[in-house]
Amino acid sequence: MTKLNRRTLLKSTAGMGGLAAVGSVLGTPLIAQSRSLKVGSYGGYFENSFKEFVYPAFTEATGITIESVTQPNSADWLVTMQQASAAGSVPTDLSLYARDALIKSSRIGELVSPLDMTNIPAASNMEEDFLYEDSTGVIGVGAMAWFTSMVVNPDEVDTPASWVDFWDSSRFESSLGLSKLISGNLLDIIAATYFEGAGTFDTNEGILAMVEKAGELKPNVALWWTAESQMEQSMKNGDVVGGMYFHDVAQLMAADGFPIRSTFPKEGNPIGYGSWCLSALSEKADEAAEFINFSSDPATQALMSRKIGTAPLVAQSKTDLTDEEFSFVSGTPAIQPAYEAYLDNETFIKEAWDKMLASA
């Protein structure tokens with residue numbers, strides 16, 4: 001089997017040939033006036049990859065040029081958009097919102113506009129879970145996904161078949177690295193492993209039961225991490241032998257020779273994803289629809305998987321991703337985080353969580 005890493009992915013079949021394939025799927029550029037679109041995306045490698053691979057393919061296919069705008073992957077972007085809206089300005093035509101930020105924007109109101117789905121036929125390739133609809137209509141269409149997965153050092157321990165095994169002190173005493181953040185999805189993992197899934201968040205009793213179960217892990221936790229770099233270094237140093245981490249980054253570490261294996265246990269791994277949202281004051285609804293339609297096409301989803309390392313939101317069978325390429329960025333089953341519940345009962349969950357962490 002060919003050893004994959006981000007460098008080989010960048011030289012893979014989604015090179016210039018891949019760009020041409022996307023263009024051929026979506027048709028030739030229209031002969032029209034100069035058209036443009038401001039698109040927001042998370043900065044760094046993520047945005048640079050969009051600018052190098054995705055935006056040029058879109059321009060080639062449609063004739064629409066893209067102005068890239070750096071935006072944070074957090075609710076801070078909502079504050080920026082609120083202030084811009086009040087001033088009558090449009091920082092971006094399209095923004096990339098994580099699911100929790102998308103829900104918040106819907107509740108705030110008048111930050112994003114409903115999308116005309118008749119102009120986005122390629123969105124039919126996605127499951128309905130990735131189309132977010134509120135009282136105004138569909139306001140978010142999934143762009144790409146990422147997973148928080150179970151990871152272990154295969155040189156030190158056998159790969160567990162279930163998250164339950166992490167509670168076994170005979171195997172994992174003082175050796176796990178788990179996210180300290182409520183948004184890190186440990187409660188979602190517990191809900192799927194020991195309870196009735198996301199519905200467990202519906203009552204305070206259910207929340208307390210999950211937090212108590214999290215507390216039972218404390219003897220096995222060597223690191224409660226708050227930054228990705230902390231877990232990365234601890235795995236490299238051998239300070240922890242397992243825990244939870246980002247699937248794509250773990251795959252890159254393994255490809256570079258570090259002892260880490262990312263796996264999907266029987267309960268699955270939590271999935272996170274970003275959605276394209278149209279700014280309420282934007283006058284580029286038509287161009288935005290063309291970009292979202294382009295992004296939703298299986299050929300583009302495969303391009304993003306190869307070039308950016310994100311998981312596709314369409315079935316593998318609809319893409320030309322090989323099994324090896326698909327497993328590098330995705331897997332099954334997926335745990336759907338209880339986004340609404342975290343927002344609805346944020347204070348209670350945080351207080352219970354912080355109390356658990358602070359207790360002896």
Side-chain angles (χ1 to χ4, degrees), residues 37-43 46-47 67-117 119-120 123 126-146 181-185 187-188 198 201-202 204 207 270-289 291-292 295-296 313 336-354:
L37 188 71
K38 291 190 292 185
V39 179
S41 64
Y42 315 137
F46 188 92
E47 182 182 10
E67 178 185 341
S68 183
V69 178
T70 304
Q71 64 161 97
N73 180 14
S74 70
D76 291 345
W77 186 241
L78 292 181
V79 177
T80 298
M81 294 301 288
Q82 281 182 286
Q83 294 172 342
S85 180
S89 62
V90 184
T92 65
D93 298 297
L94 276 181
S95 291
L96 192 58
Y97 285 6
R99 183 60 178 259
D100 57 346
L102 178 53
I103 296 171
K104 286 182 180 180
S105 69
S106 174
R107 294 181 178 185
I108 293 170
E110 300 183 351
L111 289 182
V112 297
S113 293
L115 299 162
D116 184 351
M117 298 305 293
N119 291 330
I120 312 175
M126 299 182 182
E127 296 182 11
E128 289 188 3
D129 287 343
F130 300 123
L131 304 178
Y132 186 79
E133 185 174 2
D134 67 5
S135 60
T136 66
V138 176
I139 62 170
V141 174
M144 75 293 290
W146 49 84
L181 305 175
I182 295 175
S183 58
N185 300 129
L187 288 181
D188 297 293
F201 287 84
D202 291 344
N204 287 351
I207 292 168
I271 185 173
Y273 69 96
S275 295
W276 298 118
C277 299
L278 177 64
S279 301
L281 297 182
S282 173
E283 297 179 351
K284 298 292 185 72
D286 291 341
E287 289 84 355
F291 182 84
I292 297 173
S295 174
S296 303
L313 297 183
Q336 297 290 341
Y339 294 108
E340 298 268 4
Y342 282 110
L343 296 176
D344 292 341
N345 214 352
E346 182 176 7
T347 300
F348 183 84
I349 295 174
K350 186 177 187 306
E351 288 178 351
W353 181 257
D354 289 345

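Treat the numbers as computed from the prediction; the structure is a model and nothing was measured.
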Once rounded to the nearest 0.5 Å, what's the spacing between atom [atom1] of [X] and atom [atom2] of [Y]?
X      : Y      : atom1 : atom2 : value
Asp188 : Ser183 : CG    : OG    : 10.0 Å
Tyr42  : Thr70  : OH    : OG1   : 13.0 Å
Met117 : Leu131 : CE    : CG    : 5.0 Å
Leu115 : Ile120 : CG    : CD1   : 4.5 Å
Ser275 : Leu313 : OG    : CG    : 8.0 Å
Trp353 : Lys350 : CH2   : NZ    : 12.0 Å

Tell me the closest heavy-atom pair linking [X] and [Y], and the distance in Å.
X      : Y      : answer
Ser89  : Leu281 : O-CD1, 3.8 Å
Ile271 : Tyr339 : O-OH, 3.3 Å
Ser85  : Leu111 : CB-CD2, 4.3 Å
Leu278 : Ala288 : CD1-CB, 3.8 Å
Ala143 : Trp276 : CB-NE1, 3.2 Å
Ser113 : Ser279 : OG-O, 3.9 Å

Query raised in the report: Tell me, do Met144 and Phe46 make a side-chain contact under 4.5 Å, heavy atoms counted?
Result: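 Counting from C-beta outward, Met144 and Phe46 do come under 4.5 Å.
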Query - Partner residues of Tyr342 under the ring-ring contact (aromatic ring centres under 6.0 Å, His included) criterion, sequence neighbours left out - result: Phe201
Query raised in the report: How would you list, by chain and number, every residue that makes a side-chain contact (heavy atoms from CB on, under 4.5 Å) with Ser106, sequence neighbours excluded?
Result: Tyr132, Asp134, Ile139
**Report entry** By side-chain contact (heavy atoms from CB on, under 4.5 Å) - contacts of Asp116 (at least two apart)
**Finding:** Thr118, Asn119
Requested in this report: Look only at the side chain of Ser296 and the backbone of Ile292, and say whether a donor-acceptor pair between them is shorter than 3.5 Å.
Outcome: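 Yes, Ser296 side chain to Ile292 backbone: donor-acceptor pair under 3.5 Å.
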Query - For Asn204, all residues meeting side-chain hydrogen bond (donor to acceptor under 3.5 Å, both in side chains), sequence neighbours excluded - result: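 With sequence neighbours excluded, Asn204 shows a side-chain hydrogen bond (donor to acceptor under 3.5 Å, both in side chains) to Asn345, given in chain and number order.
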Query raised in the report: Val141 and Met126: side chain to side chain contact (heavy atoms under 4.5 Å, CB included), yes or no, with the steps?
Result: CA-CA 9 Å; Val141 174; Met126 299 182 182; 4.3 Å; yes
**Report entry** Any pair counted as salt bridge (charged side-chain N to carboxylate O under 4.0 Å, His left out), so long as it reaches residues 336-349, sequence neighbours left out
**Finding:** Arg107-Glu340, Arg107-Asp344
Give every donor-acceptor pair under 3.5 Å between a side-chain atom in residues 93-105 and any protein atom, sequence neighbours left out.
unit_1: Asp93; atom_1: OD1; unit_2: Ser282; atom_2: OG; d: 2.7
unit_1: Asp93; atom_1: OD2; unit_2: Lys38; atom_2: N; d: 2.8
unit_1: Ser95; atom_1: OG; unit_2: Trp77; atom_2: NE1; d: 2.9
unit_1: Ser95; atom_1: OG; unit_2: Thr92; atom_2: OG1; d: 2.7
unit_1: Arg99; atom_1: NH1; unit_2: Asp129; atom_2: O; d: 3.3
unit_1: Arg99; atom_1: NH1; unit_2: Tyr273; atom_2: OH; d: 2.2
unit_1: Ser105; atom_1: OG; unit_2: Leu102; atom_2: O; d: 2.7

